[in-house]
Amino acid sequence: MTQHSTRPASGFEAFDMLATMVAVVRPDGECLFANTAFETVMRLSRRTVQGVNLFDWFADATRLSETVEAVALNAFSSSRFDALLRRGPRPHEDLLPVHVIVSQTDSPERVLVELIENAQQARQDREERTLDQVQATKELIRNLAHEIKNPLGGIRGAAQLLALELQPTDLGPELNEYTQVIVHEADRLQALVDRLLAPHRRAQVVVDVNIHEVCERVRSVILAEYPRGLEVRRDYDTSLPDFRGDREQLIQAVLNIVQNAAQACHARIAEGTAVINLQTRVARQVTIGKQRWRLALELHVQDNGPGVPAEIRDRIFYPLVSGRDGGTGLGLTLSQTIAQQHQGMIDCDSEPGRTDFRLTLPLP
């Protein structure tokens with residue numbers, strides 16, 4: 001009996017670096033190669049996958065088989081469509097919605113089939129929109145700050161001069177109160193502008209950072225603020241290595257997210273049933289902002305609150321957008337900016353009873 005090798009077929013090793021599923025097949029569907037991501041998703045070894053017919057893994061393989069044949073015959077160079085992939089060759093297996101991309105190779109006897117989970121594709125699209133949004137927000141903040149600060153200083157100065165000119169008449173105390181209101185509100189707006197500009201102004205202090213030290217610092221602050229009714233659980237992957245970054249900025253970024261989670265859980269805190277879970281994991285072959293990283297850390301901040309309101313779910317990282325009465329809508333904006341300054345990003349998955357903010361940062 002011939003012993004099959006589990007090593008990648010010659011020339012296909014680079015596909016193991018991809019996070020998407022890739023298979024190289026003959027025009028009749030026989031699988032010549034499947035990459036590591038395909039093994040992981042299908043929960044089968046490369047040895048098991050190679051040699052089987054890829055068409056058998058689809059709920060309806062008609063379009064796939066016609067497309068593979070057409071690409072092999074050079075009718076067109078590539079094609080893409082949606083399909084349902086079985087997590088096994090049997091009808092009762094779970095079906096996985098995927099986006100299929102069929103492309104030519106350097107040989108008509110080999111056709112490349114790339115499978116992207118629809119959820120993964122949606123996430124990539126969402127991440128690209130978020131990064132574009134953060135960049136647009138930066139420009140907006142800088143321009144607004146410039147336009148606001150100069151007239152604000154003039155208003156404050158004029159109010160102070162006016163207060164000095166007021167005569168001690170019967171109306172004096174009342175007019176003084178009005179000028180103090182103007183000064184106070186000008187200071188409040190100045191503080192708001194300073195908070196918006198804080199991540200852009202302060203130079204990064206880059207040191208070795210342990211993400212679990214960051215989490216523990218945030219956890220102690222939150223438990224001091226909410227000593228009753230809130231449980232902050234830990235689920236750490238202690239194998240995660242240190243990385244280079246600004247510890248204080250990262251603490252602020254994570255603290256903003258955790259404080260948002262705690263504030264969202266105020267009803268559960270009153271009941272004594274609020275839970276926030278801090279979970280760290282390692283991720284492999286991660287794309288962040290169109291850049292590929294071999295390793296990354298993922299910090300999940302999960303809470304059992306009511307979830308992010310649907311009407312602002314796509315805008316929660318915009319400045320001044322808040323789902324809470326009295327909220328400034330700056331915390332998540334600043335956290336996203338800090339994450340991007342570390343070449344990472346934050347995204348959110350939310351439904352009633354479960355909200356998961358995920359901070360992804362590249363590792364060396």
Exercise for the section: Measure the spacing between CG of Asp246 and CD1 of Ile251 and express it to the nearest 0.5 Å. Expected result: 9.0 Å

Handout entry: Distance-only side-chain donor-acceptor flag, Asn210 / Asp242, under 3.5 Å
Key = yes

Handout entry: Thr67: side chain to side chain donor-acceptor pair (under 3.5 Å) partners, not counting sequence neighbours
Key = none

Problem - Arg284, CZ: over 12 other non-hydrogen atoms inside 6.0 angstrom - result: no

Handout entry: Counterpart residues, side chain to side chain donor-acceptor pair (under 3.5 Å), relative to Arg281 (two or more places apart)
Key = Asp235

Practice task
For the residue pair Ser350 and Thr355, confirm or rule out a side-chain donor-acceptor distance under 3.5 Å.
Solution key: yes

Practice task
Check the side chains of His212 and Thr238 for a donor-acceptor pair under 3.5 angstrom, ignoring hydrogens and angles.
Solution key: no

Exercise for the section: Look at the side chain of Asp16 and the backbone N and O of Thr36, then say whether any donor-acceptor pair between them is shorter than 3.5 Å. Expected result: yes

Practice task
Please answer: with hydrophobic residues joined when any side-chain heavy atoms are less than 4.5 Å apart, are Val214 and Val282 in the same cluster?
Solution key: yes

Practice task
Report yes or no: do Ile257 and Val275 belong to one cluster of Ile/Leu/Val/Met/Phe/Trp/Tyr joined by side chain heavy-atom distances under 4.5 Å?
Solution key: no

Exercise for the section: Return yes if some donor-acceptor pair links the side-chain N/O of Asn53 with the main-chain N/O of Asp28 below 3.5 Å, else return no. Expected result: yes

Practice task
Report the residues that fulfil side chain to side chain donor-acceptor pair (under 3.5 Å) with Arg219, sequence neighbours left out, ordered by chain and then residue number.
Solution key: none

Problem - Co-membership, hydrophobic cluster, residues Phe81 and Met21, 4.5 Å side-chain - result: yes

Handout entry: Gap between atom CG of Leu250 and atom CG of Leu361 - 0.5 Å precision
Key = 6.0 Å

Handout entry: Over 12 non-hydrogen atoms of neighbours within 6.0 angstrom of CZ in Arg217
Key = no

Handout entry: Spatial distance of atom CE (Met345) from atom CD (Gln340) [nearest 0.5 Å]
Key = 8.5 Å

Practice task
Hey, can you tell me if Phe38 and Trp57 have their rings parallel, tilted or perpendicular (30° and 60° cut-offs)?
Solution key: perpendicular

Exercise for the section: Decide if atom CD of Gln279 counts as having more than 12 heavy atoms of other residues, nucleotides or ligands within a radius under 6.0 Å. Expected result: yes

